[in-house]
Amino acid sequence: MQVLWKLNKAFLRDIVESMPLPKPHQNTVATLLKILIEKEFVAVTVLGRQHEYYTLLSKEEYSKRTMKQMVKGYFEGSFSNVVSFMVKENNISIEELENLLQQIKKQQTPRK
């Protein structure tokens with residue numbers, strides 16, 4: 001998805017060429033593209049014998065969907081459980097937690 005967001009539209013060979021080293025085999029990338037098409041994250045335009053791929057979701061929408069799925073599947077649907085897990089694993093600092101709290105406070109609108 002990262003490569004497609006960068007390229008906007010691309011053929012398989014362009015996608016493979018744009019990937020970092022060590023580059024995956026073309027068949028591996030084609031399989032991943034097929035899965036992304038089935039999940040409706042990517043679409044394809046057939047131009048003769050060529051297939052041009054493009055994303056159907058912005059990076060933000062993709063991130064939102066995948067994060068919600070991860071939280072639902074691994075953390076009982078609770079973002080609080082995600083933060084607790086990160087604290088236990090020392091993946092988040094007190095300063096980062098304080099910054100998150102400030103962001104939450106800024107986004108909340110006063111209720112009437």
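Basis for what follows: all heavy atoms, side chains included, without hydrogens, waters or symmetry-related copies.
Residues Met19 and Tyr54 are members of separate hydrophobic clusters, defined by side-chain heavy-atom contacts under 4.5 angstrom among Ile, Leu, Val, Met, Phe, Trp and Tyr.
Separating the CE atom in Met1 from the OG1 atom in Thr66 is a distance of 9.0 Å, to the nearest 0.5 Å. The CZ atom of Arg65 sits 4.5 Å away from the CG atom of Leu57 when rounded to the nearest 0.5 Å. Rounding to the nearest 0.5 angstrom, the gap separating the NZ atom in Lys106 from the CG atom in Leu101 is 11.0 Å. Rounding to the nearest 0.5 Å places CE of Met86 at 8.5 Å from CG of Leu100. Atom CD of Gln26 is separated from atom CG of Leu12 by 4.0 Å, given to the nearest 0.5 angstrom. Rounded to the nearest 0.5 Å, atoms CG (Leu7) and CG (Asp14) are 7.0 Å apart.
Minimum heavy-atom separation, Lys23 to Glu17: NZ-O, 2.9 Å. Between Glu52 and Phe11, the shortest heavy-atom distance links the atoms CB-CE2, 3.7 Å. Among all heavy-atom pairs drawn from Pro24 and Val16, the shortest one is O-CG1, 3.8 Å. The shortest non-hydrogen separation linking Asn91 to Glu96 is O-OE1, 4.1 Å. Here the closest heavy-atom approach between residue Leu4 and residue Tyr53 is recorded as CD2-O, 3.6 Å.
Partners of Glu95 by side-chain contact (heavy atoms from CB on, under 4.5 Å), not counting sequence neighbours, listed by chain and number: Ser93, Asn99. Shown here are the ring-ring contact (aromatic ring centres under 6.0 Å, His included) partners of Phe75, two or more places apart in sequence or in another chain: Phe85. Scored by the ring-ring contact (aromatic ring centres under 6.0 Å, His included) test, Phe41 finds Tyr62 as partners (sequence neighbours excluded). Applying the side-chain contact (heavy atoms from CB on, under 4.5 Å) test to Phe79 and every residue at least two apart in sequence or in another chain returns Met67, Val71. Residues passing the side-chain contact (heavy atoms from CB on, under 4.5 Å) test with Lys64 are Glu61, Lys68, sequence neighbours excluded.
Lys59 places no side-chain N or O within donor-acceptor distance of the main-chain N or O of Trp5, the cut-off being under 3.5 Å.
Atom CD1 of Ile94 sits in a sparse spot, with 12 or fewer heavy atoms from other residues, nucleotides or ligands closer than 6.0 Å. Counting heavy atoms of neighbouring residues, nucleotides and ligands inside a 6.0 Å radius, atom OH of Tyr74 does not exceed 12 of them.
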Can I get a per-line list of side-chain donor-acceptor pairs under 3.5 Å for residues 29-38, giving both atom names and the distance, sequence neighbours left out?
| unit_1 | atom_1 | unit_2 | atom_2 | d |
| --- | --- | --- | --- | --- |
| Thr31 | OG1 | Asn27 | O | 2.9 |

